[in-house]
There are 2 protein chains.
Amino acid sequence: MPETHLIDTFLRKLELRDTLTVAEREALAACAESESDYPAGADLVREGDRPLESMLVTRGFTTRYRDSADGNRQIGAIHVPGDFVDLQSLILKHMDHSVGALSDCHVVKFPHSRLTALTREHPHLTRLLWLMTLIDSSIHREWLFAAGRGAPEQLSHLICELYVRLAVTDLVVDQRFNLPMTQVELGEALGLSAVHVNRTLQQLRSEDLFTWQGQEVRILDWDGLRRRAQFDPTYLHLVSEPR
Amino acid sequence: MPETHLIDTFLRKLELRDTLTVAEREALAACAESESDYPAGADLVREGDRPLESMLVTRGFTTRYRDSADGNRQIGAIHVPGDFVDLQSLILKHMDHSVGALSDCHVVKFPHSRLTALTREHPHLTRLLWLMTLIDSSIHREWLFAAGRGAPEQLSHLICELYVRLAVTDLVVDQRFNLPMTQVELGEALGLSAVHVNRTLQQLRSEDLFTWQGQEVRILDWDGLRRRAQFDPTYLHLVSEPR
DNA sequence: CAGGTGGACTAACATTGGTTATTTCCGCCT
DNA sequence: AGGCGGAAATAACCAATGTTAGTCCACCTG
């Protein structure tokens, strides 16, 4: 059984939204069955799969994506360490998209049989797992709303989102974080061509809002960036509520 | 208490995905508390609200939308009769977007207190409610994936989706259905200008895939339309599975 | 019946973003 | 040190979509 500290980041994310009892923490930890590693570029699950377990990424970045008929890849979400990448397959059963590793990843696996049993005994914890899938949904909605705006808004919005989501883990230090994405992948996520991503990055660079060297993003002017992106973190639901 | 037949369409949607026991049907019906009407153009819930009940639309079409800073409205989803429009607020608590009526609507309201009690006593029904919110999520993802493609693909994809979703109600007759949206609203949903929606409609009309007169859409060539839209209904999860 | 309104449609022009091809840069391997 | 390969950057040109500014028509209302 995986060491329990591996799921600490996920538990912290839950506890930002509501309080957990000791019994709930233990019940959840007891659902973890195994671990594995995936190299950058590998698929964790594929469209069409019927997973029998859900995966929590403890290290590395992943994307939800689909390859379209004309050979293009469209990325629909980015997951950071401490996120479940396919918790929804517990309920939906059938994968309507794939999940791929952006960097080398370490994951902990939770068999659906155990999670289903959990939903019978822990209604409150069930609502919190439901919550986490709804936050994913909320992020999708936000991306949709952002898709209407221009490329610079969209790109800076993505930086804002990742900054806030990583800030609740220990992966932002001194306004800097690692983001293992190429400009091509960024384009796939924003629905833009790689060339236009490059153009847009140049433009944003000239506005001194952030830097992006190698894989390191550094926020220079958070308020300016937020304004540029029209970023309002409400949709991340980073608020503790009795649920 | 609202008459139980009002929620029949919703129950049918659940039963397309899994079997319900009589007790579950009754427990759900018992959660309905009140009804009300909204005229076209009214908001059912607004961004920032903290609803104490969730609404099931029994008649009429609604949208999830947000007004952006520059005065534009972006529509993120369309709901048809028999859909819960804000079931997610049971868990998320805080509305990060608004829901507006596209046409005159009749809704049945389910207090969160009763639904929360339901989650304590009916884990299987809880998973089915969870499922319905995940299908919304899946639709969001699909719209994101579609956003990368061109305008004609996107527009025909929307027609396909609504056709399939309405077909499971009794609102499609003889390949025809009513769609109470203007070209402006269509543009808000697709992230296109109204002018471009018009251009795109003309183009699709010339391909004889469907007609759209007044508010009536009529499918002329379903296979052709599906191909044009690269439409694959998998993401609607219209499959019965033990969940 | 006249006037007003909202929605569909059109045209001309401006802008954004896509495509293709080439070059530069930089880390890494031998 | 040399060379290879992936990613970033650049340039020129092209296609898709947005903007503005209308017209036209059906329907409603006074």
Side-chain angles (χ1 to χ4, degrees), chain A residues 39-41 61 63 68 70-75 101-104 146-159 178-206 210-218 228, chain B residues 39-42 61 63 68 70-75 100-104 146-159 178-207 210-217 228:
Chain A
F61 285 65
T63 58
S68 62
D70 50 0
N72 287 116
R73 165 167 302 196
Q74 176 72 41
I75 292 176
L102 282 171
S103 60
D104 292 346
R149 302 172 226 165
E153 288 75 14
Q154 242 178 299
L155 181 44
S156 47
H157 191 280
L158 180 60
I159 304 287
N178 179 268
L179 182 58
M181 289 181 79
T182 66
Q183 295 185 0
V184 170
E185 288 162 338
L186 214 39
E188 290 166 347
L190 301 173
L192 300 171
S193 68
V195 173
H196 201 57
V197 167
N198 189 281
R199 281 194 280 245
T200 307
L201 271 173
Q202 314 261 347
Q203 189 187 331
L204 289 172
R205 263 199 275 264
S206 74
F210 63 89
T211 62
W212 186 330
Q213 288 164 27
Q215 298 192 334
E216 190 189 77
V217 175
R218 176 177 210 148
R228 187 68 162 99
Chain B
F61 286 66
T63 58
S68 63
D70 49 1
N72 288 116
R73 165 167 303 197
Q74 176 71 41
I75 292 176
L102 282 171
S103 62
D104 294 345
R149 304 172 226 165
E153 288 76 12
Q154 242 178 299
L155 182 43
S156 46
H157 190 280
L158 180 59
I159 304 287
N178 179 268
L179 183 56
M181 290 180 78
T182 65
Q183 294 186 2
V184 170
E185 288 162 338
L186 214 39
E188 290 166 346
L190 302 173
L192 299 171
S193 68
V195 172
H196 201 58
V197 167
N198 190 282
R199 279 194 281 246
T200 307
L201 271 173
Q202 314 261 349
Q203 188 187 331
L204 289 172
R205 262 199 275 265
S206 74
E207 298 177 27
F210 63 90
T211 62
W212 187 330
Q213 289 163 29
Q215 297 193 335
E216 190 189 76
V217 176
R228 187 67 162 102

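These values consider heavy atoms only, across backbone and side chains, with no hydrogens, waters or symmetry-generated copies.
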Completion exercise
Between A:R199 and A:W212, whichever has its closest DNA chain D nucleotide further toward 5' is A:W212

Problem - Residues, nucleotides or ligands: over 12 heavy atoms within 6.0 Å of B:Q202 CD - result: yes

Exercise for the section: Look at A:Q202 and D:dT10 and indicate whether a side-chain polar atom (N or O) is within less than 4.0 Å of OP1 or OP2. Expected result: yes

Handout entry: Protein-nucleotide distance (A:Q203, atom CD; C:dT15, atom P), rounded to Å
Key = 14 Å

Practice task
Would you check if there is a donor-acceptor pair between the side chains of A:Q183 and A:N198 at a distance under 3.5 Å?
Solution key: yes

Exercise for the section: Would you mind reporting whether B:F210 and B:L201 have side-chain heavy atoms less than 4.5 Å apart? Expected result: yes

Exercise for the section: Find the distance A:E216:CD to C:dC26:C1' and express it as a whole number of Å. Expected result: 17 Å

Handout entry: Length of the CZ-C1' vector between B:R205 and C:dT10, whole Å
Key = 13 Å

Problem - Short side-chain N/O contact from B:N198 to OP1 or OP2 of C:dC9, under 4.0 Å - result: yes

Handout entry: Contact residues, residues 180-197 of chain B to DNA chain C [heavy atom, < 4.0 Å]
Key = B:T182, B:Q183, B:V195

Problem - Flag side-chain contact, heavy atom, 4.5 Å: A:R228 against A:E153 - result: yes

Handout entry: Whole-Å distance separating the CD atom of A:E153 from the P atom of C:dT15
Key = 16 Å

Exercise for the section: Have a look at B:R149 and say if it touches a base, only the backbone sugar-phosphate, or nothing, with a 4.0 Å heavy-atom cut-off. Expected result: nothing

Exercise for the section: Give the rounded distance in Å between these two atoms: CG of B:L201 and P of C:dG7. Expected result: 15 Å

Exercise for the section: For the helix from C:dC1-D:dG30 to C:dT30-D:dA1, figure out the bend between the end axes, five pairs an end, and round to 10 degrees. Expected result: 40°

Exercise for the section: Output, in order, the C-alpha distance, side-chain angles, deciding distance and verdict of side chain to side chain contact (heavy atoms under 4.5 Å, CB included) for B:W212 and B:L204. Expected result: CA-CA 10 Å; B:W212 187 330; B:L204 289 172; over 6 Å; no

Exercise for the section: Answer whether the closest heavy-atom distance between the side chains of A:Q215 and A:L179 falls below 4.5 Å. Expected result: no

Handout entry: Interatomic distance where CD belongs to A:Q215 and C1' belongs to C:dC26 [whole Å]
Key = 14 Å

Problem - 4.5 Å side-chain heavy-atom contact, B:L102 and B:E185 - result: yes

Handout entry: Spacing between A:D70 atom CG and C:dG18 atom P, to the nearest angstrom
Key = 13 Å

Handout entry: Heavy-atom donor-acceptor pair, B:Q74 side chain to B:S68 backbone, under 3.5 Å
Key = no

Practice task
Compare all side-chain heavy atoms of B:H157 with those of B:R149 and state whether any distance is below 4.5 angstrom.
Solution key: yes

